[in-house]
Amino acid sequence: MKKEELVRKAYDIAKERYAAIGVNVESALKKLQDLSISIQCWQADDVTGFENLSNLGGGGIQATGNYPGRARNVDELRADICKVLTMVGGKHRLSLHEIYGEFGDKIVDRDEVTPDYFKGWMQWAKENGLKLDFNSTSFGHPKSGDLTLANPDRAIRNFWIEHTKRCRWISEEMGKFQDDPCIMNIWIHDGMKDLTVNRFKYRQILENSLDVIFAKEYKNMKDCIEAKLFGIGLESYTVGSYDFYLGYGAKKQKIVTLDTGHFHLSESIADKISSLLLFTPEIMLHVSRPIRWDSDHVVILNDDIAELAKEIIRADALGQVHVGLDFFDASINRIGAYVIGIRATQKAFLQALLEPLAKLREYEDEGRYFERLALLEESKVLPWNAVWDYFCMVNDVPVGEDYIAKIQNYETDVTSKRK
Ligand code: RNT
Ligand code: ZN
C-alpha cells in the first residue's frame with residue numbers, strides 16, 4: 001500500500017476511535033492548523049547576530065557546540081528558515097532579536113537602532129507568509145556587564161533604556177506593517193555572581209527603568225517580560241526574578257514570559273498557566289528543554305511540554321497564549337534542531353487537543369478519581385500519531401522521519417559549504 005493510502009486509512013480509524021470517546025478530530029486539526037509558533041531566529045546562528053560591534057561580552061547566555069554550517073548573514077538565515085518551513089505544517093512567526101538587523105557594514109550601536117534596519121525583514125516576512133516578533137538585546141555588548149536596566153550608573157542605565165524604547169518602536173512598526181501585533185520580549189541578564197546585599201535597590205531601579213520604557217503606549221505591539229532563575233557567572237542573584245516580573249506584570253498588566261528553562265527543575269510550568277491567566281493579560285512561552293540547568297536543548301515531546309500544552313487547552317487559552325520557542329543547540333545540524341523542536345511542540349498541542357476532556361471533567365466533577373486517572377492513562381496511547389501523520393500529509397510536509405533525508409540533502413548542498 002502506498003504511504004498516502006496508509007496514512008489516510010490510519011487516520012480514518014483514529015477518527016472513529018476518538019469519536020467514540022467524544023473527541024472531534026477535525027476540530028482538533030483545525031486548531032492545530034491555526035497554531036502559529038514563534039520560531040526563534042537565533043537557533044540558526046548560535047545567538048551571534050549581525051552587528052559589527054567588536055567587543056562581545058557579558059550576558060550569561062551561550063550556545064555550546066561547533067557543528068558546521070551556522071548561518072553567517074541575513075541571507076543564509078532566511079534561506080535556513082525557508083527550508084525549515086518546508087518541513088513543518090501551519091503558518092508561523094519569526095522572532096528576531098535586535099542584533100539581527102540588516103546593518104550592512106555600518107556600526108549601529110544599540111541606542112541608535114531604528115525600524116529602518118528591519119524594513120527588509122518585514123518585507124521578506126510578508127513575502128514568506130510569516131509574522132514577526134521581536135526582542136531587545138542586552139547581552140553580548142561592551143556595556144552589558146552584570147547590570148543593564150538595573151544599573152545604578154545612570155549613563156549605562158539610560159543607554160539600555162534608550163535601546164529598549166527603540167526596540168518597542170521597531171516592534172510597533174513591525175506590528176503595523178503586518179497588521180498583527182508584534183510580540184516584544186524583554187529579557188535582561190542583570191544579576192550578581194556572589195552574595196548580594198543591595199537586592200532591593202537593583203529591583204527598585206529595574207522597576208523604574210521599566211516604567212520609563214513602558215511610558216509610551218503603542219497599539220501594534222505587546223510587551224512581555226521574561227524572568228530567569230540565574231545566569232552563567234551570575235549565579236547568586238537575578239534582579240528580574242520570577243516574583244519580580246510576576247508582580248510587575250500583575251500590577252502593570254504586562255505579559256509575563258514563561259521560559260521552561262528558567263525555573264527550578266522540579267517546578268511545573270504547566271501549573272502556572274491557570275494562575276497567570278487570572279492576573280496578567282496574556283502569556284508568552286519560551287518553550288525550551290533544560291537538562292540539569294537552563295541548557296536550551298532542542299525541544300522534544302516529553303512530559304513537561306505535553307503537560308504544558310494540556311494545561312493551555314484545558315484552560316481554553318490558545319487565544320491568550322503566544323507559543324514561542326527558545327532553544328539553541330550548536331552541536332547538531334541546526335535545521336534539524338528547528339524541525340525537531342517545532343514538530344515536537346505541534347505534537348504536544350495535538351495530543352492536548354485530542355484529550356477526551358469532556359469525559360475527564362465529568363469524572364472529576366463526580367469525584368470518580370480512579371476513572372479520571374484511568375482515562376488519562378489510556379488517552380496517552382490513543383492513535384494521536386495517525387492524526388499527526390495526516391496533519392503532515394495534508395500540509396504537504398514530510399510524514400514521519402521523511403524529513404531526515406531532506407535535511408541531510410540541505411546539509412550536503414548548502415550548510416556544509418559554509419566555512
Ligand atoms: C535567556 C533567555 C532569553 C534568550 C533569548 C536569546 O536565558 O531565555 O529568552 O534565550 O532572548
Ligand atoms: Zn527565553
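In each ligand, atom 1 is the first atom listed, and ligand 1 is the first ligand listed.
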Can you tell me how the ring of [X] sits relative to the ring of [Y], calling it parallel under 30°, perpendicular over 60° and tilted otherwise?
X: His141; Y: Trp160; answer: perpendicular
X: Phe139; Y: His97; answer: perpendicular
X: Tyr117; Y: Phe103; answer: tilted

Any salt bridge between [X] and [Y], counting N to O under 4.0 Å?
X: Lys228; Y: Asp259; answer: no
X: Lys252; Y: Asp211; answer: yes
X: Asp389; Y: Lys3; answer: no
X: Glu162; Y: Arg110; answer: no
X: Asp365; Y: Arg372; answer: no

Numbering the atoms of ligand 1 from 1, which are under 4.0 Å from a heavy atom of [X]?
X: Asp259; result: 8 (O)
X: Phe328; result: 10 (O)
X: Trp42; result: 5 (C), 6 (C)
X: His97; result: 5 (C), 6 (C), 11 (O)
X: His262; result: 1 (C), 2 (C), 7 (O), 8 (O)
X: His286; result: 9 (O)
X: Lys228; result: 1 (C), 7 (O)

Does the N or O separation between Glu226 and ligand 1 drop below 3.5 Å for any pair? yes
Does an N or O anywhere in Asn185 fall below 3.5 Å from an N or O of ligand 1?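 No, Asn185 has no N/O under 3.5 Å of an N/O on ligand 1.
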Using a 6.0 Å distance limit plus a 45 degree cone around the ring axis, check whether Lys254 lies over the aromatic ring of Phe214.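 Verdict for Phe214: a cation-pi partner in Lys254.
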Which one holds for Asp294 and ligand 1: side chain close, backbone close, both close, or neither close, with close meaning a heavy atom under 4.0 Å? side chain
So among Phe391, Trp388, Tyr390, Trp384, which one has a ring-ring contact (aromatic ring centres under 6.0 Å, His included) with Tyr11? Tyr390
Under 2.8 Å from the Zn ion (ligand 2), how many protein N/O/S atoms do you get? Just the number, please. 4
Looking at Asp326, Thr48, Asn135, which hits side chain to side chain donor-acceptor pair (under 3.5 Å) with Trp42?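 That would be Asp326.
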